[in-house]
**Student:** 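Got a structure for you, questions after.
The chains referred to below are lettered A, B, ... by the order of the sequence lines, with proteins before strands, and numbering in each begins at 1.
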There are 4 protein chains.
Amino acid sequence: MVIRLINKTRLEHMTKQQSILEAAKKIFSEKGYHQTTMDEIALSAQVAKGTLYYNYASKSKLFAATVTEGMEEIMANISRELESELPFIEHFRLLLSCTIRLYLQHSEVTRIYVNELSSGIDNDALTEIKNVRKKFIGFIKETLATGQERGYLKPLNRDLSALALVGIVDALCNDRLDSPTGSPDDQAADDIIDTVFTILATGMVNG
Amino acid sequence: MVIRLINKTRLEHMTKQQSILEAAKKIFSEKGYHQTTMDEIALSAQVAKGTLYYNYASKSKLFAATVTEGMEEIMANISRELESELPFIEHFRLLLSCTIRLYLQHSEVTRIYVNELSSGIDNDALTEIKNVRKKFIGFIKETLATGQERGYLKPLNRDLSALALVGIVDALCNDRLDSPTGSPDDQAADDIIDTVFTILATGMVNG
Amino acid sequence: MVIRLINKTRLEHMTKQQSILEAAKKIFSEKGYHQTTMDEIALSAQVAKGTLYYNYASKSKLFAATVTEGMEEIMANISRELESELPFIEHFRLLLSCTIRLYLQHSEVTRIYVNELSSGIDNDALTEIKNVRKKFIGFIKETLATGQERGYLKPLNRDLSALALVGIVDALCNDRLDSPTGSPDDQAADDIIDTVFTILATGMVNG
Amino acid sequence: MVIRLINKTRLEHMTKQQSILEAAKKIFSEKGYHQTTMDEIALSAQVAKGTLYYNYASKSKLFAATVTEGMEEIMANISRELESELPFIEHFRLLLSCTIRLYLQHSEVTRIYVNELSSGIDNDALTEIKNVRKKFIGFIKETLATGQERGYLKPLNRDLSALALVGIVDALCNDRLDSPTGSPDDQAADDIIDTVFTILATGMVNG
DNA sequence: GATGAATGAGCTTTCATTCAT
DNA sequence: AATGAATGAAAGCTCATTCAT
């Protein structure tokens, strides 16, 4: 078992809580929920195992905290980037492009988020995670709703549309992160953004 | 722990292999890979635990066999339904509609397929499962390729397009299966088909 | 930590269930419920730890089984010895004498039984143990009831009388077993029997 | 986990030592030694966990202190009530009645005292607790000795007699405290006192 | 082919105790 | 005198897998 320790000097500037969360994010992302042990996280965060439990009631709570914290950061970032006033279609493109970019950038969290939504986490924690997902989809839905109200978007079922958007993004980003090259280069991100935008904006069918 | 046994008279017409696979499908689908134990599967299939290992080398191999067999049946069904000669756009709609219908119909398998692609299955078995997914996406890609070659579809990146299609279908069907109403009624399926078709064919943006 | 293994040749004539129960009886008696670990019992019974759990659902269930089985054997023995037809007062003395003798003989079980009735065993198991105690007290009550009905005994509250009898026996036997000399010799048993009989039959106060 | 805090205004009039002892008494009595954690005691006593260790070297020492302090208070009370000059038989009845009354009144301490004499407390502390018990029995023995010397009581083995007395009182009071009605009412106490007095004074046998 | 008792490595979790502040 | 974050040894329990029958 190879455990890469978090860079020492970074650790010194973190509280234990932070370094636990950091370590958890990394290892959950690499190995998935069930193949990650609390021992590994403790080792990687350079704290005693008891310290994990002093800060988080259980493995699943730590997991939920990891995902929640990570996704909320992503959502906050997207929100910030979308604040500018732009024509709707530009706005829509921006939504897609920054979502995809942040998905790929925060690959550790999103990998967990996309892949581990089921798989035997206890119910409390699972509920918490599903709530983040709902929040994220609700967030997308708002933009779509605005577009529909102003007549820019077709009056499709909003829930399904938002789900569709998220589904595309999940699938493409996850495949990208799974492919052997590893680090998401800009070229790949641009390809994904273009394809997703074209499909969602104008569909696949010609003229 | 409630284990619903498979209907007795059905069991009598099955080989042990089949009843194991049947039981595995049901339980993996209900509880996910990690929360399913070999004891439960044996109990539900009404065979001894040793018999599981007599037929499948390990839990993960049994899991892989379950998914593979299930998805291949779905793919065969889709192929069969697509054999008729139709104008391309009708063909495309048919692809979507029967994919979605079969996804919802075979909810046990597809639930597993969508949710458990990561999560700590050993590598051999994981590879096998990923191969089924590749096969499925390749299968979608073919139809898209035909459409592009004949000029019906825009010349988008084919891999990404196929992934996008599968991603939308995964997301919408899984959400449907997850929602409290439980049994997938036709109304819901039709909604999904319409929305997916509209989006993929003509996009979300108006005129 | 010193674990005395059960005599090898005896082990060969036992089923694993029996040797587990035997080992559990010995170790629970020596160290009490909480200081006994499942590892120790497994080691002493010469089975794997998993085997304990294959046969008993939990530590507390194993404990309950140990006490129940042991006490029921004692009760069966007392019953057998009381079958003869004797004048009531002889019968009463016999009840006391064989109870005390068997308490001291089966010191492993009775030590557990007297000392561990509270102390944090989970509720299911605790209920089971308390039921054995009730059964034992009920058993004593019957003899007292007979004596009262026939006019040999004073019409005292039967529950309290039975409790009193058991309380005296518990206290004296337990003190005896606790005292450094260890092995309960006949002299001590006879002293206890005489004292208990005198007190319970005729009281402490002089004529 | 429900922790009832000690009444605030009472707390203000106590030293930390006292409030720790008070909290310990309550919680040890409710849950037994092993199911009580130092966290709970600290919480209930409204001090930090470190403060527990500042005042008592270990959990078992705190436990021993709790029992010792409580039992010594009971013994002091009994002594005080027995100071009056009475005919021996009245004196004997008074010994029983005030012992039983105080047992039931101080149910928190006596419950601990009766139930937790074994169960894995470390040896130093255990010795201390056993000493209190010896002291209590010695205390009873004195009264019995006086009675024997003056010819009021039969010349039975004094140790065993004292043990018998304590055994009866333990068993009846503990059963009473364990029974669902909860609060020990006077009726119950009187029943116990009468029964115990009759049995110990004149025995169970008629005429 | 089929069985199920037996295994033991490995996991999460608990909690008395310590010690820098 | 008092604190409470941090510790880590130790425990109960799970379950995929094996193998004698």
**Student:** Go through the structure and list residues passing side chain to side chain donor-acceptor pair (under 3.5 Å) with B/D39, not counting sequence neighbours.
**Tutor:** B/K49
**Student:** Could you pull out all residues at least two apart from C/K25 that satisfy salt bridge (charged side-chain N to carboxylate O under 4.0 Å, His left out)?
**Tutor:** none
**Student:** Would you indicate, yes or no, if F/dG4 has its OP1 or OP2 atom less than 4.0 angstrom from a side-chain nitrogen or oxygen of A/K16?
**Tutor:** no
**Student:** Expressed as a whole number of angstroms, how long is the span from C/Y56:OH to F/dG12:P?
**Tutor:** 17 Å
**Student:** Which parts of nucleotides 14-21 of chain F does protein reach within less than 4.0 Å, heavy atoms only, written one letter per nucleotide 5' to 3' as B for base, S for sugar-phosphate only and - for none?
**Tutor:** BSBBB---
**Student:** For DNA chain E, whose closest nucleotide is more 5', that of B/V47 or that of C/Q17?
**Tutor:** B/V47
**Student:** Identify, with sequence neighbours excluded, every residue that meets side chain to side chain contact (heavy atoms under 4.5 Å, CB included) alongside B/T68.
**Tutor:** B/E72, B/E128, B/V132
**Student:** Taking all atoms of both residues into account, what is the closest heavy-atom pair of D/I20 and D/I41, and its distance?
**Tutor:** O-CG2, 4.3 Å
**Student:** Report the residues that fulfil salt bridge (charged side-chain N to carboxylate O under 4.0 Å, His left out) with D/K16, sequence neighbours left out, ordered by chain and then residue number.
**Tutor:** none
**Student:** Rounded to the nearest Å, what distance is computed from the CG atom of residue A/L62 to the P atom of nucleotide E/dT13?
**Tutor:** 10 Å
**Student:** Here's a test of your reading of the structure: between D/N55 and A/T51, which maps to the more 5' nucleotide of DNA chain F?
**Tutor:** D/N55
**Student:** For A/Y56, which residues count as a side chain to side chain donor-acceptor pair (under 3.5 Å) partner, sequence neighbours excluded?
**Tutor:** A/Q17
**Student:** With sequence neighbours excluded, what pairs up with A/S60 under the side chain to side chain contact (heavy atoms under 4.5 Å, CB included) test?
**Tutor:** A/Y33, A/S58, A/I121, A/D122, A/A125
**Student:** Mind telling me whether C/H34 and D/H34 have parallel, tilted or perpendicular rings, with 30° and 60° as the class edges?
**Tutor:** parallel
**Student:** Is there a side-chain contact between A/M38 and A/L62 (heavy atoms, below 4.5 Å)?
**Tutor:** yes
**Student:** Without decimals, in angstroms, what is the distance between B/Q46 CD and E/dT3 P?
**Tutor:** 11 Å
**Student:** For C/L52 and E/dT7, what is the distance between atoms CG and C1' respectively, to the nearest whole Å?
**Tutor:** 11 Å
**Student:** Tell me: CD of C/E40 to C1' of F/dG12, nearest whole Å?
**Tutor:** 13 Å
**Student:** Can you list the stems that include DNA chain E, where a stem is three or more consecutive Watson-Crick or G-U pairs with distances under 3.5 Å?
**Tutor:** E:2-21 with F:2-21
